[in-house]
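Ligands are counted one by one from 1 in listed order, and the atoms in each one are counted from 1 as well. Numbering starts at 1 and runs along the sequence shown.
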Amino acid sequence: MVHNETNNGFKAPTTSSATSNNTFLDPKQATKHVKEYSSPDGLSADEIMDSRVNGGLTYNDFLILPGYIDFSASDVSLESRITRNIVLKTPFMSSPMDTVTETDMAINMALLGGVGVIHCNCSPEEQAEMVRKVKKFENGFITDPVCLTPNHTVADVHRIKAQFGYSGIPITGNGKLYSILLGMVTARDIQFHEDDTTLLKDVMTTDLVVAHEGVTLEEANQILRQSKRGKLPIINQRGELVALLARSDLLKNLNFPLASKSTHSKQLICAAAIGTKPDDKLRLKKLVDAGLDIVVLDSSQGNSSYQIEMIKYIKKTYGNSLDIIAGNVVTREQAAALIEVGADALRVGMGSGSICITQEIMAVGRPQGTAVYKVAQFANKFGIPVIADGGIQNVGHITKALALGASAVMMGSLLAGTTESPGEYFYHEGQRLKKYRGMGSLDAMERHCSPGTSVAPNNAAKRYFSERDAIKVAQGVAGAVIDKGSIRKFVPYLITGLQHGLQDIGAKSLCKLGEDVRNGKVRFELRTAAAQIEGGVHGLYSYEKRLFS
Ligand code: IMP
């Protein structure tokens, strides 16, 4: 047997007789012979991420080689520790950006097993109110039902039915929530009613079945089932409407087996971002009073005296009741400084975001694959999880980020444009779009708070240390993304896609993936530019890229 030198210096054995005499090795011994190679096919994570040899890499620069499958994709566990004290069922986080995460996104991300980080480009009161709504959310209760007054007409009910599809409408004194409940108008009440101008007080049902504030979802569902009504209004002691429960939601909403909930309160887990300036301490107090679980220190360059002081302050003030995600960092040295003062997780990424121009303007940053690997490799030694933030364009990137040592991915553009992201849809050249902008875009840095709330208009600017600059230098752009529908469908697609990725690699859980990457069992391969073209759809005259159904 002789050995061939390969490009990477590995010794690959060949059997001279196999080539010269046309006699072949016994196929039944193939597994035994593959072990004769001095190292497995491909490269270990350490080898591929050696930046002195390969430079800085990002997700598209490499692939993971397939392993051995002896389990089904649906059995793959995606449970992951995203901070020192918090474990989620899915490793997904939504970015603290004002076109990505407000109440609706945070609630739905948590229901689907991830967590949303509420942005801070608003007043402390507005942000605290969003946190409060997430913590108060009880799956199934509609807390903002459309109501009408007794003096509205049948035509108004038809209009609401056409616009929103609702047919059971509560009638309250002033047509709003927290006003005395007077009746309900259901589809049956107006089914054969021909005069659209009839007032609702003449058709509404006043013989109501109600439940009282404080009722649990389970109890309310039981009352709803027994009542045989379509809707169950929930009222407070004064008889005011505080919520509504719908029979149609009963089945579809009941089960979110992956939901991220605090162990003690059973409420949804909520994260929110703050800056690192003195007034952010007051903001944090309001967020903590509203029930915050995780605080994200939102800075484009986290290795600063401001952030270090803020971490020390938070740990001293709130102890271990509040986990801190510090960052952003891309090097071991930055990571070390934040770990040392008490960071419970690190957010990794500088310049990799889809809306980001930091690398172009500031000349600093790091290719995201290398950044995630180098920081995770270091931070994981201290039990500090790493969150790969920015640059995630598809499910494959998620699998790669996690294989490189991240415990979770943070997504902006992938979740922007969904029903749950803030903002209205608009049409442009036939496409249904939503706005998506970088928090370092001039657009975001110039945003002002709602009237009547306390001042903090420049929070986006603070992320980039430019709130005092006479000239604002943008580090992001403002644009639009295509409508992606609801994350109730999109996140399950990400979950299933990721499970299939892990199945191909041969890892039955994220924990096993990490272990097998560390021990060199999971192998990687660099992709040339031609290989990247080959790996995409090519050679077709036209095609439609539908991702899930
Ligand atoms: P995406 O998922 O690739 O769209 O990246 C989202 C991430 O980009 C966020 O989580 C932030 O870390 C980062 N980011 C947000 N706004 C800006 C910006 O204006 N400039 C640079 N990075 C940004």
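Near Ser441, meaning under 4.0 Å from any of its heavy atoms, are these atoms of ligand 1: 19 (O). Every atom of ligand 1 is numbered from 1 in the order shown, and the set under 4.0 Å from a heavy atom of Arg347 is 10 (O), 11 (C), 12 (O). Residue-ligand proximity, Ser354 to ligand 1, at heavy-atom distances under 4.0 Å covers atoms 1 (P), 3 (O), 4 (O), 5 (O). Per-residue contacts place Tyr436 under 4.0 angstrom from the following atoms of ligand 1 (heavy atoms of the residue considered): 1 (P), 4 (O), 5 (O), 6 (C). When each atom of ligand 1 is checked for a heavy atom of Ile355 under 4.0 Å away, the hits are 8 (O), 14 (N), 15 (C), 16 (N), 17 (C), 23 (C). Residue contact check: Ser413 has heavy atoms under 4.0 Å from atoms 1 (P), 2 (O), 4 (O) of ligand 1. Of all the atoms in ligand 1, the ones that sit under 4.0 Å from a non-hydrogen atom of Gln475 are 18 (C), 19 (O), 20 (N), 21 (C). Each of the atoms 21 (C) of ligand 1 lies under 4.0 Å from some heavy atom of Thr358.
Remark: ligand 1 and Ser352 share no N or O pair separated by less than 3.5 Å (distance only, no angle test). At under 3.5 Å, not a single nitrogen or oxygen of Arg437, backbone or side chain, sits near a nitrogen or oxygen of ligand 1. Of the N or O atoms in Met410, none lie within a sub-3.5 Å distance of an N or O in ligand 1. At least one N or O atom of Met439, backbone or side chain, sits closer than 3.5 Å to an N or O atom of ligand 1. Between Leu414 and ligand 1, a contact under 3.5 Å exists for no N or O pair. In terms of polar-atom proximity, defined here as any N/O pair under 3.5 Å, Gly391 does make such a contact with ligand 1.
Here the two rings, on Phe378 and Phe382, have centers that are under 6.0 Å apart.
Shortest non-hydrogen contact noted between Val100 and Ala416 is CG2-CB, 4.3 Å.
Side-chain N/O atoms of Asn85 and Asn320 include no donor and acceptor closer than 3.5 Å. Between the side chains of Ser77 and Lys512, not a single donor N or O lies within less than 3.5 Å of an accepting N or O. Using modelled atom types and a 3.5 Å distance limit, the side chains of Glu126 and Ser123 yield a donor-acceptor pair.
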Original post:
What do the steps show when you test Ser51 against Arg366 for side chain to side chain contact (heavy atoms under 4.5 Å, CB included), and what is the final call?
Top reply: CA-CA 11 Å; Ser51 41; Arg366 197 171 199 180; 4.2 Å; yes
**OP:** Verify side chain to side chain contact (heavy atoms under 4.5 Å, CB included) between Ile314 and Ile311, making sure each step is shown before the conclusion.
**Re:** CA-CA 5 Å; Ile314 297 173; Ile311 296 176; 5.9 Å; no
Subject >> Working for side-chain hydrogen bond (donor to acceptor under 3.5 Å, both in side chains), residues Ser72 and Gln503 >> reply: CA-CA 7 Å; Ser72 72; Gln503 185 193 36; 5.8 Å; no
**OP:** For the pair Gln267 and Asp293, evaluate side-chain hydrogen bond (donor to acceptor under 3.5 Å, both in side chains) and give the outcome as yes or no after the intermediate values.
**Re:** CA-CA 10 Å; Gln267 291 173 323; Asp293 301 285; over 6 Å; no
Original post:
Given the rule in the side-chain hydrogen bond (donor to acceptor under 3.5 Å, both in side chains) test, do Ser421 and Lys484 qualify, once you have shown the distances and angles that lead to the verdict?
Top reply: CA-CA 10 Å; Ser421 65; Lys484 297 192 187 71; over 6 Å; no
Original post:
Do Thr358 and Gln475 pass the side-chain hydrogen bond (donor to acceptor under 3.5 Å, both in side chains) test, and can you show the C-alpha distance, the side-chain angles, and the key distance before you say yes or no?
Top reply: CA-CA 5 Å; Thr358 300; Gln475 290 200 39; 2.8 Å; yes
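Between Gly349 and ligand 1 there is no heavy-atom distance shorter than 4.0 Å. Using 4.0 Å as the threshold, Met350 has no heavy atom nearer than that to any atom of ligand 1.
When Cys356, Gly438, Gly353 are checked for heavy-atom proximity to atom 22 (N) of ligand 1, Cys356 turns out nearest.
Residue contacts with ligand 1 for Ala416 are absent, since no atom lies close enough (heavy atoms, distance under 4.0 Å). Heavy atoms of Gln393 found under 4.0 angstrom from ligand 1: none, in either backbone or side chain.
Heavy atoms of other residues, nucleotides or ligands lying less than 6.0 angstrom from NZ of Lys285 number 12 at most.
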